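I have placed the structure first, in the form of structure tokens, so that the comments after it can refer back to it.
This one's a predicted model, so the numbers in the text were calculated from it and none came from an experiment.
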Amino acid sequence: MVLSASAAAPVSVAESERRAVVEVVMVSGTVTSPQSAVLSPSVGGLIERIDVDAGDRVEAGALVVALDRELGDLSLERARAEQAQAKSELEDSRRRLNEARDVGPDKGIAETQIKSLLAETARDEAALQAAAAAARQQEAIVRRHDVRAPFAGVVSERLAEVGEWVSPGDALLELVATDRLRFDFRVPQS
């Protein structure tokens, strides 16, 4: 049997294209972060402010929780005042030592008194160093009333509320880094 030209299948011409072959494979698995941390305060105190909530993205070093620092600030003022007092006492003992040395044993100041003033000056220098160290320590404590993000990421969970009293080590927030995420899943061999 012979087919007529009108009954033959139509032929069309098209230019060929290069395309990727995409095959969708449904898999289940987990996404893990290389870095995650449960943030906690290093000092105890009352939570005054929480600047983030679950789902918020934060930058490294951003303030996320602030504790009430009134008592810490007052202790810092006291430490600075004690440092100023120690400095004043040192200046006074140095002045008296210099005056005693200027007058000297030749004009009625005993060598023992000069040595006593020298020892008093050394004690006052040590007291000033101790007061300065106490002031620096209190400054560090006051700085620790602010909890900052140790790395950039997303707050995955908020574990505390404003007005709560927290102690060192109490969980406040969970922070998860979103850089370099790792995908773990099983794929069929086929």
Show the atom names and distances, to 0.1 Å, of all donor-acceptor pairs under 3.5 Å that link a side chain in residues 13-21 to residues at least two apart or in another chain.
from, atom 1, to, atom 2, distance (Å)
E17, OE1, R19, NE, 3.4

Would you please name every residue forming a salt bridge (Lys or Arg N to Asp or Glu O under 4.0 Å) with E139, sequence neighbours left out?
-> R80
Can you list, by chain and residue number, the hydrophobic cluster partners of [X] when the side-chain cut-off is 4.5 Å?
{"X": "W165", "result": "L46"}
{"X": "I47", "result": "L39, V43, I50, V52, V58, V64, V65, L67, I141, V147, F151, V155, V162, V166, L172, L173, L175"}
{"X": "V38", "result": "L159"}
{"X": "L63", "result": "none"}

Please, which pairs that meet salt bridge (charged side-chain N to carboxylate O under 4.0 Å, His left out) have at least one residue in residues 161-181, sequence neighbours excluded?
-> R158-E161
Which residue pairs pass the salt bridge (charged side-chain N to carboxylate O under 4.0 Å, His left out) test with at least one member in residues 58-77, sequence neighbours excluded?
-> R69-D146
Can you name the residues that form a side chain to side chain donor-acceptor pair (under 3.5 Å) with [X], not counting sequence neighbours?
{"X": "E120", "answer": "R96"}
{"X": "R94", "answer": "E125"}
{"X": "Q113", "answer": "none"}

Inter- and intrachain pairs under side chain to side chain donor-acceptor pair (under 3.5 Å), touching residues 28-37, at least two apart | none
